[in-house]
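Remember, predicted model here, so these are calculated numbers, not experimental data.
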Amino acid sequence: QVRLVESGGGLVQAGGSLRLSCAASGSIFSINAMGWYRQAPGKQRELVAAITSGGTTNYADSVKGRFTISRDNAKNTVYLQMNSLKPEDTAVYYCNANLRRWVGDYRRDYWGKGTLVTVSS
């Protein structure tokens with residue numbers, strides 16, 4: 001089975017930085033895109049950043065200029081460098097991958113269990 005494992009979350013003061021990592025493993029033929037979503041208490045899950053295997057990126061307006069997404073396709077790993085963190089960035093961050101498990105398989109989304117990021121003021 002496909003598994004996504006996030007790491008790097010924690011507690012940081014406002015203005016600080018964290019780097020999240022997500023490694024995909026298991027039955028993977030090809031990955032179309034990977035990304036990060038977050039969900040704060042009482043709010044809907046939202047896209048933070050995404051990147052295709054070709055390197056095209058997309059960011060939420062709220063994190064542009066502060067967060068940078070990158071990937072290592074050979075390792076099926078995606079990173080999220082978070083700088084100038086704000087209290088409103090506090091959320092559980094989830095890794096997402098859109099992939100095919102084998103030739104001819106349909107592309108579908110897989111999710112990690114999440115890592116908590118807490119930004120204190």
Taking all non-hydrogen atoms of both residues into account, name the closest pair between [X] and [Y] and its distance.
X: Arg71; Y: Thr52; value: NE-O, 4.2 Å
X: Lys75; Y: Thr77; value: O-OG1, 2.9 Å
X: Arg101; Y: Ser27; value: CG-O, 3.3 Å
X: Ser17; Y: Ser84; value: OG-N, 4.3 Å

**Request:** Kindly give the cluster partners of Tyr106, where membership spreads through any ILVMFWY side chain lying under 4.5 Å from a current member.
**Result:**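 Other cluster members: none.
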
**Other ILVMFWY residues reachable from Val2 by side-chain steps of under 4.5 Å** =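 Direct or chained contacts put Val2 with Leu4, Val12, Leu18, Leu20, Ile28, Ile31, Met34, Trp36, Val48, Ile51, Tyr59, Val63, Phe67, Ile69, Val78, Leu80, Met82, Leu85, Tyr93, Leu99, Tyr110, Val117, Val119.
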
**Asked** Does a salt bridge link Lys113 with Glu6, judged by any charged N lying under 4.0 Å from a carboxylate O?
**Response**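 Judged by the 4.0 Å cut-off on N to carboxylate O distance, Lys113 and Glu6 do not form a salt bridge.
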
**Request:** Output yes when Asp61 and Lys64 qualify as a salt bridge under the 4.0 Å nitrogen-oxygen rule, no when they do not.
**Result:**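 Salt bridge flag = yes for Lys64 with Asp61.
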
**Item:** Backbone of Asn32 reached by a side-chain donor or acceptor of Asn98 within 3.5 Å
**Value:**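 No, Asn98 side chain to Asn32 backbone: no donor-acceptor pair under 3.5 Å.
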
Mind checking the [atom1]-[atom2] spacing from [X] to [Y]? Nearest 0.5 Å is all I need.
X: Cys22; Y: Asn96; atom1: SG; atom2: CG; answer: 8.5 Å
X: Arg45; Y: Tyr37; atom1: CZ; atom2: OH; answer: 9.5 Å
X: Ser121; Y: Glu88; atom1: OG; atom2: CD; answer: 9.5 Å

**Item:** Leu116 with Trp111, same ILVMFWY side-chain cluster at under 4.5 Å
**Value:**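 Yes, Leu116 connects to Trp111 through the hydrophobic network.
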
